[in-house]
Amino acid sequence: MKRTHMCAEVNENDVNTEVVVMGWVQKRRDLGKLIFIDLRDRSGILQIVFNTEKNSELLRKAVQLRSEFVVAVRGMLVNRSNVNPDMPTGQWEVLADELRILSKAQTPPILIEEEVDANEAMRLKYRYLDLRRHKMQKNLILRHKVAKTARDYFDENGFLEIETPVLIKSTPEGARDYLVPSRVHPGKFFALPQSPQILKQILMVSGFDRYFQIAKCFRDEDLRADRQPEFTQIDLEMSFVDVDDVISINEGFIRRVFHDVLGVDVSTPFPRLTYKEAMERYGSDKPDTRFGLELVDVSDIVKNSGFKVFSDAIARGGSVRAINAKGCGAEFSRKEIDSLGEYVKTYKAKGMAWVAVEENGLRSSITKFMSDDEIQGILKRTEAEAGDLICFIADKNEIVYDALGHLRLEVARRLNIIDDDKLNFLWVTEFPMFEYNEEENRWDAKHHPFTSPMDEDICLLDSDPEKVRAKAYDIVLNGVELGGGSIRIHDQDMQGKIFKLLGFTEEEANSRFGFLLEAFRYGTPPHGGLAYGMDRLVMLMAKTTSIRDVIAFPKVQNSSCLMTGAPDVVDEKQLKELKITTVDQIGTQERINEE
RNA sequence: GGCCCGGUAGUUCAGAUGGUUAGAACGCUAGCCUGUCACGCUAGAGGCCGAGGGUUCGAGUCCCUUCCGGGUCGCCA
């Protein structure tokens, strides 16, 4: 038998013709002398009917069918007497003439149903069953379409897809590397790329002008709902460009991918926020602008306040900022307000002061310490009305932003005011070039050490490195960092200066990035680019909240794969070839030696 | 590494204050049923209550340790 149709791809024109369909038994409804089968393939579900009047022999065979058997069915596609309006193929069914059981199946440990809320561990252990679910198939089909659209779009815009190696030189900095031992060079290791960053820059030196790649990347760090140890970037780089060129080609891509894959029209250009503005208004460098609750700085009002928590924070160079949680004063109990106070402690805030505005007065933890002028000033600045709850954080700016930025999101979630249908794209630009590393007592690159400073800030490099802004940009969708990039340094002298500022000696810079620095000596075009977290992009397009839902075989929080059991021990022989001894073995060896 | 939530039939869950024989739904097995599509009806099987230790006359329930899954902080140039 040769398959003629996918289950859900039959139509009126096929009625009264013979079809052959193959797939999995989704459901058997046995009425005695009449058996219905819902047959499922990746296209959908089609009902098969076995009728004793037509073929009693065949019906006896159909009795054996169970969930997830793989079968082939030949028969006439007919109009149903009882149409099922809830099913895309509900007006037809196949009147079976022949049934072949291609493969029997054990009863599956999880049900292949849309409404499964099976435990995720169970889903991941039996991932092949979980992936049979329509929703998961839809997600992976969506992912395929995103990848295809990326290839089409970038190809049409003159980008070349070029593969870069997966076994590369470790350039420590940033995330922890995954290492691969070399058999040929005992004691030496390859690293898996955290991103193709340096290699794509070298492709610019080679004159490829526009490069892109759908690249696997690896970072040996702890997992989150939106972070896996191996993930996929849509990575691109362009020569002879500045910030606006990169932004514009990427706005085109986003417009295209949402249009082609989801049929949604996204309007461009996207709003741009500087890093400074994003932090001051939203307390985050990846603000969710689908709702208000913006941060308000009240430092000037309370700098001399009798409430020492406020005045002291400001005296120490910090600030006091607030959000007006509209309606929460009326809505939240004391217990709920206190739980917000607990919530901000996650972000190192020592506490949360609050004022609930009521019809006939204020309910508050702090007003007794403050003057009327201060209180009135705050209410005016925060545009407080009866029913509102003003929440304050006083601390170092860094903590104030972080705590209030997260509090803002938490309040919005509790108030359920986030519109899931919105697609709020924006660019965050003008990131600081450096951030101070308290532990190591030096400046680190906020993006990476090849990021170009903004032209107008170059004069500040020596005097005020903290004030230098970079030609770096992130693209944000609904509070999720979708991607980021920068214009790179193409000038050797500037690169040397930046390395020096980052505290690299010449030898260190050479041993880490020598090959790149050398490449730059042979004629380097100005260049820049961007990389998307493809998993996150697909996750948001699929309207799910975990990238595990758009990755076929994801890993769990401890970086293992529940289906295959990776990572696992390997043969002694393999280790021997690699000249690798594990600490456990060393321990054993030492114990043996001691005895 | 820290904090929070969870782990009870195959699956999803319920099991106040410790108390005799641990329940439900779905799934599964068998029988009946010719228009079902959450098919229906009848009967049935199925449990080291994650693991180990402790308290107690008695532990699914309380305590300690540990393992597993999720969220989060740190981490993620």
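Note on naming: letters A, B, ... go to the chains in the order of the sequence lines (proteins, then strands), and numbering restarts at 1 for each one.
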Legend entry - Candidates B:C39, B:C68, B:C73 - which lies nearest the side chain of A:L31: B:C39
Inset, instruction - Mind checking A:D30 for me? I need base, sugar-phosphate or nothing, with any heavy atom below 4.0 Å counting as a touch. - result: base
Inset, instruction - May I have the distance from A:K345 (atom NZ) to B:C73 (atom P), rounded to whole angstrom? - result: 17 Å
Legend entry - C1' spacing across the pair B:G27 / B:G10, given as an integer number of angstrom: 7 Å
Inset, instruction - Please check the phosphate of B:C37 (OP1 and OP2 only) for any side-chain N or O of A:R40 closer than 4.0 Å. - result: no
Legend entry - Short side-chain N/O contact from A:R66 to OP1 or OP2 of B:G27, under 4.0 Å: no
Inset, instruction - Return the value, rounded to whole Å, for the distance between atom CD1 of A:I399 and atom P of B:G74. - result: 11 Å
Inset, instruction - Would you classify A:D86 as touching base, sugar-phosphate or nothing, given that sugar-phosphate means primed atoms plus P, OP1 and OP2, and contacts are heavy atoms under 4.0 Å? - result: nothing
Inset, instruction - Could you tell me whether the phosphate oxygens of B:C39, OP1 or OP2, come under 4.0 Å of any side-chain nitrogen or oxygen in A:K27? - result: yes
Legend entry - P gap between B:U11 and B:C48, integer Å: 11 Å
Legend entry - Output field: ring centroids A:F69/A:W24 closer than 6.0 Å: no
Legend entry - Cation-pi geometry met for A:R512 and A:F504 (6.0 Å, 45°): yes
N/O to N/O distances under 3.5 Å, protein versus nucleotides 8-11 of chain B:
| residue | atom | partner | partner atom | Å |
| --- | --- | --- | --- | --- |
| B:G10 | O2' | A:P109 | O | 3.2 |
| B:U11 | O4' | A:P109 | O | 3.4 |

Inset, instruction - Give a yes/no answer on whether the side chain of A:Q47 brings an N or O atom under 4.0 Å of OP1 or OP2 in B:U36. - result: no
Inset, instruction - For A:T171, report the nucleic acid contact type (base, sugar-phosphate, nothing); a contact means any heavy atom under 4.0 Å. - result: nothing
Inset, instruction - Quick one: label A:E93 by what it contacts on the DNA or RNA (base, sugar-phosphate, nothing), any heavy atom closer than 4.0 Å. - result: base
Inset, instruction - Provide the distance between the two C1' atoms, one in B:G60 and one in B:G19, to the nearest whole Å. - result: 13 Å
Inset, instruction - Provide the distance between the two P atoms, one in B:G50 and one in B:A14, to the nearest whole Å. - result: 13 Å
Legend entry - Pair A:E221 + A:R227: basic N to acidic O under 4.0 Å: no
Inset, instruction - Scan A:L562 against the nucleic acid and name what it touches under 4.0 Å (heavy atoms): base, sugar-phosphate only, or nothing. - result: sugar-phosphate
Legend entry - Residue A:T107, side-chain heavy atoms: nucleotide from B:G35, B:C28, B:C76 that is nearest: B:C28
Legend entry - Below 4.0 Å: OP1/OP2 of B:C39 and any side-chain N or O of A:R29: yes
Inset, instruction - Using a strict 4.0 Å threshold on nitrogen-to-oxygen distance, state whether A:K348 and A:D395 make a salt bridge. - result: no
Legend entry - B:C28 phosphate, OP1 or OP2, under 4.0 Å from A:S67 side-chain N/O: yes
Legend entry - Test item: side-chain donor near acceptor, A:N478 and A:D288, under 3.5 Å: no
Inset, instruction - Taking atom C1' in both B:G1 and B:U20, compute the distance separating them and give it to the nearest angstrom. - result: 46 Å
Inset, instruction - Have a look at A:S195 and say if it touches a base, only the backbone sugar-phosphate, or nothing, with a 4.0 Å heavy-atom cut-off. - result: base
Legend entry - Passing candidate, side-chain contact (heavy atoms from CB on, under 4.5 Å) with A:R488, options A:M204, A:Q495, A:E237: A:E237
Legend entry - A:Y436 and A:D444 side chains, donor-acceptor separation under 3.5 Å: no
Inset, instruction - Identify which nucleotide among B:G74, B:G69, B:G71 has an atom closest to any side-chain atom of A:A225, counting heavy atoms from C-beta outward. - result: B:G71
Inset, instruction - Answer with base, sugar-phosphate or nothing: what part of the nucleic acid does A:R28 contact at a heavy-atom distance below 4.0 Å? - result: nothing
Dump the pairs, protein N or O against N or O of nucleotides 43-48 of chain B, anything under 3.5 Å, distances to one decimal.
none

